[in-house]
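Please read the structure below before turning to the comments.
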Amino acid sequence: MPNHSDPLDAMFQALSDPARRGMIDRLCAGPASVKELAAPLDMSLPSVMQHLAVLETCGLVASTKIGRVRTCTLQPETLSLAEQWLNARRIGWNESLDRLGSFLDAQDEPRTGDDT
């Protein structure tokens with residue numbers, strides 16, 4: 001499809017999972033260790049790591065390892081790609097609704113000169 005790109009597809013796929021969205025929500029408050037991100041989730045640590053790998057692959061999350069602790073950080077600038085795509089859709093929808101509103105307003109106007 002012409003409006004889709006691989007990075008955008010990967011980001012939406014990453015955000016489609018509730019566990020990954022939960023991780024993103026937590027990271028909005030600031031960096032967190034993998035253990036902190038895993039705490040509210042009902043899954044094994046290897047599963048959490050797989051979810052984080054998806055988020056890292058699409059660029060939403062970056063991680064660093066210091067000693068035995070891996071800390072994850074949100075990369076909010078990556079979300080701008082999705083934001084731009086959504087805004088373009090919103091502008092198109094608004095323009096279509098404006099045209100529909102104008103058409104309907106024109107239908108409501110009394111016609112002159114046609115009555116004989």
Side-chain angles (χ1 to χ4, degrees):
M1 287 189 219
N3 290 329
H4 292 214
S5 64
D6 291 342
L8 184 62
D9 290 345
M11 185 179 318
F12 279 124
Q13 181 180 2
L15 293 172
S16 70
D17 185 273
R20 291 192 287 262
R21 287 193 309 271
M23 292 177 190
I24 294 293
D25 287 342
R26 166 54 188 88
L27 291 172
C28 285
S33 69
V34 172
K35 185 177 177 181
E36 291 171 321
L37 292 172
L41 301 173
D42 187 26
M43 63 179 70
S44 67
L45 193 57
S47 294
V48 171
M49 294 298 293
Q50 287 178 338
H51 283 291
L52 285 170
V54 171
L55 293 171
E56 285 190 73
T57 299
C58 74
L60 286 169
V61 171
S63 69
T64 56
K65 188 171 182 181
I66 300 175
R68 295 176 58 182
V69 178
R70 179 168 296 282
T71 302
C72 299
T73 307
L74 182 65
Q75 302 297 296
E77 61 278 356
T78 304
L79 285 172
S80 67
L81 180 63
E83 183 180 19
Q84 290 169 11
W85 186 85
L86 289 169
N87 283 335
R89 306 291 79 71
R90 183 179 298 118
I91 289 168
W93 296 329
N94 287 337
E95 289 172 352
S96 293
L97 289 172
D98 289 345
R99 285 192 306 272
L100 176 60
S102 296
F103 173 78
L104 293 174
D105 288 343
Q107 297 300 308
D108 289 340
E109 292 176 5
R111 296 181 185 184
T112 58
D114 289 341
D115 295 336
T116 337

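For clarity, every value in this text was computed on a predicted model and none was experimentally measured.
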Next item on the list: May I ask you to check if Arg89 and Trp85 form a cation-pi contact, with NZ or CZ under 6.0 angstrom from the six-membered ring centre and within 45° of the axis?
Entry: yes
Checklist line | In one Ile/Leu/Val/Met/Phe/Trp/Tyr side-chain cluster, 4.5 Å: Met43, Val34 | finding: yes
Note to self: With a 4.5 Å cut-off on side-chain heavy atoms, are Cys58 and Gln13 touching?
What the structure shows: no
Notebook entry, point to check: Looking only at heavy atoms, what is the nearest atom pair of Pro76 and Leu74, with distance?
Noted result: CD-O, 3.1 Å
Next item on the list: Taking atom types as modelled, find out whether Arg99 and Ser102 have a side-chain donor-acceptor pair closer than 3.5 angstrom.
Entry: no
Next item on the list: Determine the minimum heavy-atom distance between Gln75 and Val61, stating which atoms define it.
Entry: CG-C, 4.0 Å
Item checked: Point-to-point distance, once rounded to the nearest 0.5 Å, from CG of Leu100 to CG of Asp105 -> 9.5 Å
Next item on the list: Group every Ile, Leu, Val, Met, Phe, Trp and Tyr by side-chain heavy-atom contacts under 4.5 Å, then state whether Leu81 and Phe12 land in the same group.
Entry: yes
Checklist line | Within one Ile-Leu-Val-Met-Phe-Trp-Tyr cluster: Leu45 and Met23, side-chain cutoff 4.5 Å | finding: yes
Check: Are Leu79 and Leu60 close enough that some pair of their side-chain heavy atoms sits under 4.5 Å apart?
Finding: yes
Notebook entry, point to check: In Å, rounded to the nearest 0.5 Å, how long is the span from CG of Asp108 to CZ of Phe103?
Noted result: 10.0 Å
Check: How close do Ser63 and Glu56 get, heavy atom to heavy atom, and via which atoms?
Finding: OG-OE1, 3.1 Å
Check: With a 4.5 Å limit on heavy-atom distance, are the side chains of Gln50 and Val54 in contact?
Finding: no
Next item on the list: Could you state whether Met49 and Ile66 fall into the same hydrophobic cluster, counting links through intermediate Ile, Leu, Val, Met, Phe, Trp or Tyr residues with side-chain heavy atoms under 4.5 angstrom apart?
Entry: no
Check: Would Met11 and Leu86 show up in the same hydrophobic cluster when neighbours are defined by side-chain heavy atoms closer than 4.5 Å?
Finding: yes
Checklist line | Which atom of Leu8 lies closest to which atom of Ala82, heavy atoms considered | finding: CD1-CA, 3.8 Å
Notebook entry, point to check: Is there a side-chain contact between Thr64 and Thr73 (heavy atoms, below 4.5 Å)?
Noted result: no
Notebook entry, point to check: How far apart are the closest heavy atoms of Gly67 and Lys65, and which atoms are they?
Noted result: O-CE, 3.3 Å
Note to self: Is it true that, when you exclude Asp42 itself, more than 12 heavy atoms of the residues, nucleotides or ligands shown sit nearer than 6.0 Å to its CG?
What the structure shows: no
Check: Could you state the interatomic distance from CG (Asp25) to CZ (Arg21), rounded to the nearest 0.5 Å?
Finding: 8.5 Å
Next item on the list: Output yes when a side-chain donor or acceptor of Arg70 lies under 3.5 Å from a complementary backbone atom of Ser33, and no otherwise.
Entry: no
Next item on the list: Calculate, to the nearest 0.5 Å, the distance between atoms OG1 and CG belonging to Thr71 and Leu27 respectively.
Entry: 10.5 Å
Item checked: Exercise: identify the closest heavy-atom pair between Thr78 and Gly59 -> OG1-O, 2.7 Å
Checklist line | Check: Arg20 side chain, Leu15 main-chain N or O, donor-acceptor pair, under 3.5 Å | finding: no
